[in-house]
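For reference, the structure is listed below as structure tokens.
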Amino acid sequence: MKYDFETVIRRENVGSGKWNEIKDTLGFFPKNVIPFSVADMEFVEAPEIVEGLKQFLDKSVLGYAQPTIAFKEAAKSWLSRRHGWEIDTEWIRDTPGVINGFFTAVKAFTQEGEGVMLMTPVYYPMYAAVTRHNRVLVENKLIRMGDTYEIDFTDFETKAKDPNTKLLILCSPHNPSGRVWRREELERIGRICLENHVLVVSDEIHFDIVSPGYKHIPFASLSPEFAMNTITCTAPSKTFNLAGLQTALAIIPNPELRQKFYEEQQKDDGNPKCNILGLEGCRIAYTKCEEWLEQVKAVIEHNRQIIITFLAREFPQIQVMKLEGTYLLWIDFNALGIECHELAHLLREKAHLFFDEGYIFGEDGAGFERWNLACPTKYVEEGLERLKMVLNSVLKKGE
């Protein structure tokens, strides 16, 4: 490969949120810890981004920043080339993160006591967007179908028809299940929401990481009517591991929604500007880093295959859910009969393996672990051996 995806970079004591969670949990950094948790990558950054930002620093003043035409044009071109979605640059509102985006949308377009629908189990900050703002959680539980999930459309439509349900936060691709929603599924969601005056906020932050044989469809690209009822939140942060640069996009074709979103940003955040290096990093990524992305996707798929093969051989009772999109593998350990908090304790304390525990994504995630595949393959191989050691020691005791 042209790029380096094998160098291991330890990130203790450098301000890494992902690694600091390890220290907060254990009280120290184990020398042999392997982090498969928070969704940022353990890869060396794309050199085009690193070198581009160095050049930018050589000639720039780091004052207050606003999105440039070049930044918006880069995003527009990316969406067209990679996803077939033609947008107007006027639709783009910058926001420091996708979480900021859907938090702002909940505050702007719902009132206290009104309902916000989530398709669960789901990315845990979405619950916070509802509960912290005193909205009512409207839970549309996904239906488990073997190694995948389907939408319960009967329940979805019933809840959308409730006049108190005002907004849907759509996770697409879905985190943690790994589903990439089909066109017909998205169209059905869109029709139901339009008919019942439910606004759609579509979190598409993982839209560039899709497994072979699958295709992500931006929800708002399906029809002009859907676009006018949608706020799309996305970012280069998952695709190019730029979360620390705090730059995301809220793409809002409807001018009235766009203005209201902006007013809400100003109301609570006061000065919600993105990082000047984030804006430039996004521009560089979207114009110069497609080859890097394709190689990242190949590593992710390779890591997935290693895990599937290993677990099928060593622990066939563990079910690995089908990964259609994201770099986050959703794995069901329930058949082992180990209580979910005990499982987490064993993996962290005995094996120094850190996953995101399934229960943080909702009650239906209990007994699952979410495995971050965006890491050097040697991490995956070592992690599997430690997993085998710990699980075998526990299972043999229970015989």
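Side-chain contact of Asn20 with Arg11: a donor-acceptor pair under 3.5 Å is absent, judged by distance alone. No hydrogens or angles considered: a donor-acceptor pair under 3.5 Å links the side chains of Glu42 and Trp19. With 3.5 Å as the limit, one finds no donor-acceptor pair spanning the side chains of Asp40 and Asn241. For the residue pair Tyr149 and Trp330, a side-chain donor N or O sits within less than 3.5 Å of a side-chain acceptor on the partner.
Heavy atoms from other residues, nucleotides or ligands lying under 6.0 Å from CD of Gln66 number 12 at most.
Close placement of the Phe219 and Phe226 rings is indicated, their centers lying within 6.0 Å of each other. Note: His174 and Tyr123 fail the aromatic proximity criterion, with ring centroids not under 6.0 Å apart.
Using a cutoff of 4.0 Å between basic side-chain nitrogens and carboxylate oxygens, Glu256 and Lys260 are not scored as salt-bridged. The pair Arg182-Glu324 counts as a salt bridge, with a side-chain nitrogen and a carboxylate oxygen less than 4.0 angstrom apart. Salt-bridge check for Lys388 with Glu314: passed, with a basic side-chain N closer than 4.0 Å to an acidic carboxylate O.
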Donor-acceptor pairs under 3.5 Å, side chain of residues 191-200 to any protein atom, not counting sequence neighbours: which ones?
{"from": "Asn196", "atom 1": "ND2", "to": "Ile192", "atom 2": "O", "distance (Å)": "2.8"}

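With values rounded to the nearest 0.5 angstrom, Phe109 atom CZ is found 4.5 Å from Leu257 atom CG.
Annotation: side chain of Lys288 is not in contact with side chain of Ile49 (no heavy-atom distance under 4.5 Å).
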One pair to check against ring pair (Phe, Tyr, Trp, His ring centres under 6.0 Å): Trp78 and Phe240. What are the steps and the verdict? CA-CA 13 Å; Trp78 183 264; Phe240 298 103; 5.6 Å; yes
Practice problem: Take Glu139 and Lys159 through the test salt bridge (charged side-chain N to carboxylate O under 4.0 Å, His left out) and record every step on the way to the result. | Solution: CA-CA 9 Å; Glu139 192 171 10; Lys159 288 172 177 173; over 6 Å; no
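The backbone N or O of Leu311 lies less than 3.5 Å from no partner atom in the side chain of Arg313, so there is not a single donor-acceptor pair.
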